[in-house]
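A short write-up of the structure that comes next.
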Amino acid sequence: MGGTRAPSDAPAFFVAATEALRAALEELRPDVAVREIPAPARIAPYAFALAGGLTGDDEAASGRFVLLFDPDGQDAWEGTTRIVCYARASVDPEVADDPLLPGVAWSWLRESLQSHGAELGALGGTVTTTSSRRFGVLATDGDNFDVELRCSWSPRWAGSVEEAEDPTVPEPPHGGADGAAPWDPADAAAHLHSFADLLAAMAGLPPRLSGVVPLPARRT
């Protein structure tokens, strides 16, 4: 898979979250392929990373999904856990020039998260459109027009919001401690399914979610 297992000293909550995400890889829509990759270092004490793209054509749309975990919590995260997401897709020139494109791309993210019931907070990000013109001997390769979305949010999983100094194993699905919401692996999976649907929408694939309008597929 190209990824790395959780370190032996990883908190039980982080281990449970990564196991839930790994299990969800088998349940994603078949037109999007997601694999585990080495996680970035020095961003957070613990990290888990995935890379995704269209099945058989990751040039059309691709991205990364990174889970960060800090047992001490971070004020900006409003808790212990943060998801960082990057997605990119190639578009036609007329689509890249549309001033509404950034807002539409942001709506794909929000609609995907909402449609899967992904609980979150502190959502923020940017949408950038780029045009790359080639000249001289590179002109035959053609120009590139892309839309890129960079964002992050704090998942509201049981155990992730302003946790105690030493988080423990998440509670089983049928009972939380002290009235807290129980841990459910499906809560973690919802964020990964949202990432897959975001890539699909950016690539112009038919939507699987009500209310999501995909980008027109790029002409070849």
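As a basis for the values below, the full set of heavy atoms in this structure was taken, side chains included, without hydrogen atoms, waters or symmetry mates.
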Give the C-alpha distance, both sets of side-chain angles, the deciding distance and a yes or no for side chain to side chain contact (heavy atoms under 4.5 Å, CB included) between L123 and W106.
-> CA-CA 11 Å; L123 172 65; W106 186 253; 3.8 Å; yes
Does the side chain to side chain contact (heavy atoms under 4.5 Å, CB included) test come out yes or no for V127 and W108, once each step is laid out?
-> CA-CA 11 Å; V127 177; W108 294 330; over 6 Å; no
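Atom CG of L149 is separated from atom OG1 of T126 by 7.0 Å, given to the nearest 0.5 angstrom. In this structure, OG in S90 is found 9.5 Å from CE in M202, a value given to the nearest 0.5 Å. Between the CD atom in E19 and the CZ atom in F14 there is a gap of 10.5 Å [rounded to 0.5 Å]. For the atom pair CG (L120) and CD (Q114), the distance works out to 8.5 Å, reported to the nearest 0.5 Å. If you take CZ on F195 and CZ on R64, they are separated by 9.0 Å, rounding to the nearest 0.5 Å. A distance of 11.0 Å separates CZ in F65 from CG in L199, rounded to the nearest 0.5 Å.
Closest of all the heavy-atom pairs between A196 and V32 is O-CG2, 3.6 Å. The heavy-atom pair separating L67 from A17 by the smallest distance is CD2-CB, 4.0 Å. For A47 against P40, the heavy-atom pair with the smallest separation is CB-O, 3.8 Å. When all heavy atoms of L100 and D98 are compared, the pair lying nearest together is N-OD1, 2.9 Å. Scanning both residues, A76 and A122, for their nearest heavy atoms gives O-CB, 4.1 Å.
Taking the six-membered ring where the residue is Trp, F13 and F69 present tilted rings, their angle falling between 30° and 60°.
Residues passing the salt bridge (charged side-chain N to carboxylate O under 4.0 Å, His left out) test with R110, sequence neighbours excluded: none. Annotation: side-chain contact (heavy atoms from CB on, under 4.5 Å) contacts of A188 (sequence neighbours excluded): A20, L21, W157, W183. By the side-chain contact (heavy atoms from CB on, under 4.5 Å) test, A23 pairs with no residue at all, sequence neighbours left out. Listed by chain and residue number, nothing satisfies the side chain to side chain donor-acceptor pair (under 3.5 Å) test with T129 (two or more places apart in sequence, or in another chain). R88 pairs by the salt bridge (charged side-chain N to carboxylate O under 4.0 Å, His left out) definition with D146, not counting sequence neighbours. Residues passing the salt bridge (charged side-chain N to carboxylate O under 4.0 Å, His left out) test with E148, sequence neighbours excluded: R150. In this structure, the side-chain contact (heavy atoms from CB on, under 4.5 Å) partners of A60, at least two apart in sequence or on a different chain, are L54, D57.
Using a 4.5 Å cut-off between side-chain heavy atoms of Ile, Leu, Val, Met, Phe, Trp and Tyr, with links allowed through other members, L101 and L198 fall into the same hydrophobic cluster.
Of the listed residues (D197, I83, L25), just one forms a side-chain contact (heavy atoms from CB on, under 4.5 Å) with L192, and that residue is L25. Among E78, R82, E119, the one residue that satisfies the side-chain hydrogen bond (donor to acceptor under 3.5 Å, both in side chains) test with S154 is R82.
In this structure a side-chain-to-backbone donor-acceptor pair under 3.5 Å is missing from S62 to G53.
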